[in-house]
Amino acid sequence: MYEAHFGLRGRPFRPTPDAGSYYPATGHEQALARLQAALAEEEGMVLLTGLPGTGKTLLCHCLVERLGDGYTVAFLTNSHVGDAAGLLQAILHDLSLPYEGRGEQELRLALTDYLLKSYAEGRRTLLIADEAQNLLHEALEELRLLGNLEGRHGKALQVLLVAQPDLAESLRQPVYAALRQRLAVRVQLDPFTKDEAADYLIHQIRAAGGRPEELFADEALAVLARATGGVPRLLNQAAHQALGLAHGADMAQVDAEVAVEALAMCDIEANLDEEETDTIPLKEDNGKKAQSLYHPRTNGKARHGVEDGEDA
């Protein structure tokens with residue numbers, strides 16, 4: 001849509017997880033390190049929580065890339081599986097194993113047999129259950145029991161539950177006592193800081209082959225970073241809309257006015273401070289600006305910690 005206008009190789013703010021443009025924020029890197037350590041220490045079950053849009057699924061894809069060839073990974077993206085049988089079918093399906101026409105116990109035995117054989121051949125299996133807050137008690141209990149499965153020298157299956165914070169609250173119920181005890185490692189993924197949020201926008205533009213100092217004014221970066229609360233999904237949505245608006249108005253750069261309008265299109269409150277409210281004018285009728293309202297970027301790259309030409 002706007003890629004050619006801004007000289008980009010592709011869309012910089014994608015709606016789906018893209019490990020190729022992963023931004024290594026401090027909190028995300030720390031979370032990845034803890035997850036890797038938990039798996040290396042043969043924890044049977046691990047819990048990753050975070051608010052919607054903070055990058056949990058993307059972090060899991062990055063984790064899989066870093067695990068290497070010693071793991072087989074089953075990635076359950078649909079957690080509405082119903083009972084234990086539905087869960088077992090979903091796991092076998094993701095592992096490309098037969099699952100149709102079998103009863104619950106047959107499914108369980110087929111999965112157990114596969115896991116033990118894989119472990120004996122030197123391959124571990126990691127099950128990632130995304131949106132795990134939607135799993136019913138029966139399915140969570142099945143995962144707990146599967147997490148107990150061991151080969152001769154370690155866990156044949158390790159389970160990573162990926163969920164919104166609601167699951168951590170649900171696990172406080174007495175019925176989940178056994179599962180709660182198994183979750184010795186719990187990792188929380190937080191949104192970006194304001195500085196990280198601005199740097200994230202710069203990183204994505206560079207990853208798409210653009211020059212962020214030419215595409216986003218400093219004030220626009222600040223407005224988007226603060227209003228979105230550092231949530232990557234909201235940053236992607238608002239920045240994508242901002243570039244589309246700038247393209248439609250034949251502007252060379254996203255300024256703060258365009259950023260505010262993009263936020264409104266995404267139903268995100270801009271939360272402007274008093275200085276910004278006085279500085280940002282109302283949108284002109286023709287949707288274009290006669291000249292820039294802001295000073296050109298002079299030190300933006302250094303201020304956000306990325307030098308020109310450096311791969312973020």
Side-chain angles (χ1 to χ4, degrees), residues 14-19 28 31-32 34-35 38-39 43-64 72-97 99-100 102-105 107-108 110-111 115 125-149 157-191 229 231-234 236-237 267:
R14 307 180 70 83
T16 55
D18 179 12
H28 285 59
L32 263 178
R34 290 193 62 196
L35 293 174
L39 296 178
E43 292 290 345
M45 298 195 74
V46 182
L47 175 62
L48 172 65
T49 58
L51 293 171
T54 48
K56 299 184 296 295
T57 302
L58 174 58
L59 200 73
C60 290
H61 286 295
C62 293
L63 174 66
V64 171
T72 297
V73 178
F75 206 130
L76 300 187
T77 57
N78 184 1
S79 57
H80 293 283
V81 295
D83 56 13
L87 173 68
L88 293 168
Q89 286 179 326
I91 297 172
L92 289 170
H93 175 266
D94 202 73
L95 292 171
S96 299
L97 297 172
Y99 65 92
E100 295 180 315
R102 295 183 172 186
E104 180 179 317
Q105 186 60 12
L107 294 167
R108 187 177 293 112
L111 178 57
L115 294 173
T125 303
L126 171 64
L127 170 63
I128 300 176
D130 206 357
E131 301 293 346
Q133 73 276 355
N134 297 321
L135 291 173
L136 301 178
H137 172 261
E138 183 179 348
L140 286 170
E141 181 65 12
E142 185 69 32
L143 289 177
R144 181 185 72 83
L145 295 174
L146 288 171
N148 291 336
L149 188 62
L157 175 69
Q158 294 172 283
V159 179
L160 173 57
L161 299 176
V162 184
Q164 296 178 21
D166 296 351
L167 179 59
E169 293 299 319
S170 298
L171 293 177
R172 297 178 184 274
Q173 300 176 40
V175 69
Y176 291 112
L179 175 60
R180 189 167 61 246
Q181 292 174 10
R182 293 291 183 185
L183 291 169
V185 178
R186 304 185 186 197
V187 181
Q188 179 173 316
L189 190 63
D190 295 319
V231 176
R233 181 181 297 155
L234 299 182
N236 286 342
Q237 292 172 355
D267 198 24

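Below, all heavy atoms of this structure are taken into account, side chains as well, without hydrogens, waters or symmetry copies.
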Enquirer: Measuring only between side-chain heavy atoms, which start at C-beta, is Val159 closer than 4.5 Å to Val46?
Expert: no

Enquirer: Looking only at atom types and distance, does a side-chain atom of Ser79 sit under 3.5 Å from a main-chain N or O of Ala132, one as donor and one as acceptor?
Expert: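 Side chain of Ser79 to backbone of Ala132: no pair is present.
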
Enquirer: Determine whether a donor-acceptor pair (N or O, by modelled atom type, separation under 3.5 Å) exists between the side chain of Glu138 and the backbone of Ala84.
Expert: yes

Enquirer: Measure from the side-chain N and O atoms of Gln158 to the backbone N and O of Leu39, and report whether any donor-acceptor pair falls under 3.5 Å.
Expert: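 Yes, Gln158 side chain to Leu39 backbone: donor-acceptor pair under 3.5 Å.
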
Enquirer: CG/Leu146 to CD1/Ile91 distance, rounded to the nearest 0.5 angstrom?
Expert: 5.5 Å

Enquirer: Kindly give the heavy-atom pair with the smallest separation between Leu107 and Tyr99, and that separation in Å.
Expert: CD2-O, 3.5 Å

Enquirer: Distance from Leu179 atom CG to Met45 atom CE, nearest 0.5 Å?
Expert: 5.0 Å

Enquirer: As an exercise, state the distance from OG1 of Thr125 to CG of Leu157, rounded to the nearest 0.5 Å.
Expert: 6.5 Å

Enquirer: Is the backbone of Val162 close enough, under 3.5 Å, to the side chain of Lys56 for a donor and an acceptor to pair up by distance?
Expert: no

Enquirer: Any sub-3.5 Å donor-acceptor pair from Arg108's side-chain atoms to Ala85's backbone N or O?
Expert: no

Enquirer: Closest heavy-atom contact between Ala31 and Val187?
Expert: CB-CG1, 3.6 Å

Enquirer: Heavy atoms, side chains only, cut-off 4.5 Å: are Thr77 and Ile128 in contact?
Expert: no

Enquirer: With a 6.0 Å cut-off (strictly less than), is the heavy-atom count around NE2 of His93, excluding the residue itself, greater than 12?
Expert: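 Counting other residues, nucleotides and ligands, NE2 of His93 stays at 12 neighbours or fewer.
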
Enquirer: Working to the nearest 0.5 Å, report the span between CG of Leu63 and CG of Leu35.
Expert: 5.5 Å

Enquirer: How long is the gap from CG on Leu87 to CD on Glu142, to the nearest 0.5 Å?
Expert: 6.5 Å

Enquirer: Over 60° means perpendicular and under 30° means parallel, so classify the ring planes of His61 and Phe75, tilted if in between.
Expert: parallel

Enquirer: Can you tell me how far CG of Leu111 sits from CG of Leu95, rounded to the nearest 0.5 angstrom?
Expert: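 Atom-to-atom, Leu95:CG and Leu111:CG are 7.0 Å apart.
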
Enquirer: Hydrogens and angles aside, do Thr57 and Asp130 bring a side-chain donor and acceptor to less than 3.5 Å of each other?
Expert: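 The answer is yes; a qualifying pair exists.
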
Enquirer: May I ask you to decide if Leu167's main-chain N or O and Gln133's side chain share a donor-acceptor pair within less than 3.5 Å?
Expert: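 No, the answer is negative, given that no donor and acceptor are paired below the 3.5 Å cut-off.
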
Enquirer: Before accepting this row, confirm whether a basic side-chain N of the pair Arg182/Glu43 lies closer than 4.0 Å to the acidic partner's carboxylate O.
Expert: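 No salt bridge links Arg182 with Glu43.
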
